[in-house]
Amino acid sequence: MTHSLSYAATPVIELNHEGVNGVRLLVKREDLNHPFVSGNKWWKLKYNLEEAKRAGHDTLLTFGGAYSNHLYATAAAAHELGMKSIGIVRGERTEPLNHTLSFAESRGMKLHFISREAYRKKNEHEFLQSIRNQFGDAYIIPEGGTNEFAVRGCAEFAKTLEEEIDFDYLCLPIGTGGTMAGMIEGLSSNKKVIGFSSLKGGDFLKDEIQLLVSNTQLDWQVNTGYHFGGYGKSTPDLISFIEDMKMNYQLPLDQVYTAKMMMGVFDLIGQNYFEHGSTILILHTGGLQGNHSIK
Ligand SMILES: *Cc1c(COP(=O)(O)O)cnc(C)c1O
């Protein structure tokens with residue numbers, strides 16, 4: 001039995017974008033770090049897996065929607081480490097299962113579907129107690145994987161980024177904000193971090209992230225202008241942008257997170273938002289598995 005997840009070193013590529021207004025654009029292809037536990041999910045799970053083992057759990061239990069990258073990654077991680085996994089899924093089971101859920105099942109995850117109303121209580125104490133009664137003493141990871149262990153893993157990743165690459169701005173997509181919190185914690189204060197919200201009405205994210213960080217030196221902000229209709233929603237523009245990026249740069253992007261962020265970055269470059277001569281590091285957080293299910 002292995003004790004930690006496999007990890008592949010990932011490349012940094014430069015985008016020679018025609019519209020680059022005197023800035024350097026780098027992409028860290030962290031989506032390539034693991035075939036199934038990809039991108040930020042690898043780092044968010046790292047210390048959760050250690051903690052689960054330390055506390056003697058043999059089962060991981062977590063939550064997600066039917067397209068959740070986190071459910072997918074958790075199922076794969078549990079499988080690789082010889083652990084069991086349970087996924088509490090929002091909504092009804094519909095056959096055939098989509099790519100995300102059928103993959104999770106293929107990795108041994110037991111899927112348990114609950115109504116949207118019940119799912120809303122997922123963080124409440126009573127609900128979690130009933131889950132424990134029903135499924136036994138599993139190690140519970142919140143939806144999206146965000147908790148203090150996730151932030152610690154992402155902060156560690158941020159430090160490796162800074163050692164490897166010279167950059168001024170770090171751009172990344174945001175779901176719950178856990179990854180961004182890790183970046184803020186791990187980077188030194190001369191960096192600027194810009195997170196792009198993948199959901200509509202993401203103004204609350206600033207407060208959520210604030211709760212997860214103690215580093216007050218670094219300049220960071222949440223950009224809420226590029227959600228393209230909201231979480232999981234897309235537009236024809238976004239779809240054709242994804243095709244363009246694939247054709248022009250051989251860069252695959254996902255619809256839910258990375259494409260929205262990338263369009264945001266290009267748009268801001270067009271507005272001369274970034275300081276002339278600066279280097280922008282774009283974090284490819286993975287999520288490509290989702291492209292099999294959506295459309
Ligand atoms: C989960 C995910 C995110 C969001 O990460 P948070 O830590 O929840 O903000 C961003 N990008 C991809 C590809 C993801 O799978």
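Indexing begins at 1, ligand by ligand and atom by atom, following the structure's order. Not measured: the values here are computed from a predicted model.
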Tabulating one pair per line, provide the atom names and distances (0.1 Å) for every N/O atom of ligand 1 that is less than 3.5 Å from a protein N/O atom.
from	atom 1	to	atom 2	distance (Å)
ligand 1	5 (O)	Asn40	ND2	3.0
ligand 1	7 (O)	Lys44	NZ	2.6
ligand 1	7 (O)	Gly178	N	3.4
ligand 1	7 (O)	Thr179	N	2.9
ligand 1	7 (O)	Thr179	OG1	2.7
ligand 1	8 (O)	Lys44	NZ	3.2
ligand 1	8 (O)	Thr176	N	2.8
ligand 1	8 (O)	Thr176	OG1	2.6
ligand 1	9 (O)	Gly175	N	2.8
ligand 1	9 (O)	Thr176	N	3.2
ligand 1	9 (O)	Gly177	N	2.8
ligand 1	11 (N)	Thr285	OG1	2.7
ligand 1	15 (O)	Lys41	NZ	2.7
ligand 1	15 (O)	Asn69	ND2	2.7

Would Tyr7 and Trp43 count as a close aromatic pair, with their ring centres under 6.0 Å?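 Ring-ring flag for Tyr7/Trp43: true, centres closer than 6.0 Å.
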
Show which residues join Phe103 in its hydrophobic cluster (side-chain heavy-atom contacts under 4.5 Å, direct or indirect), or state none.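 Phe36, Tyr72, listed by chain and number.
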
Those residues that, when tested against Phe63, pass ring pair (Phe, Tyr, Trp, His ring centres under 6.0 Å) (two or more places apart):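 None.
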
Assess the side chains of Ser85 and Lys110: does a donor N or O sit below 3.5 Å from an acceptor N or O?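 No, no side-chain donor-acceptor pair sits under 3.5 Å.
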
Pairing residues for Ser214 by the side chain to side chain donor-acceptor pair (under 3.5 Å) criterion, not counting sequence neighbours: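 Listed in chain order: Glu185.
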
Criterion side chain to side chain contact (heavy atoms under 4.5 Å, CB included) against Val213, the qualifying member of Val151, Leu218, Ile184: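 Exactly one candidate clears the test, Ile184.
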
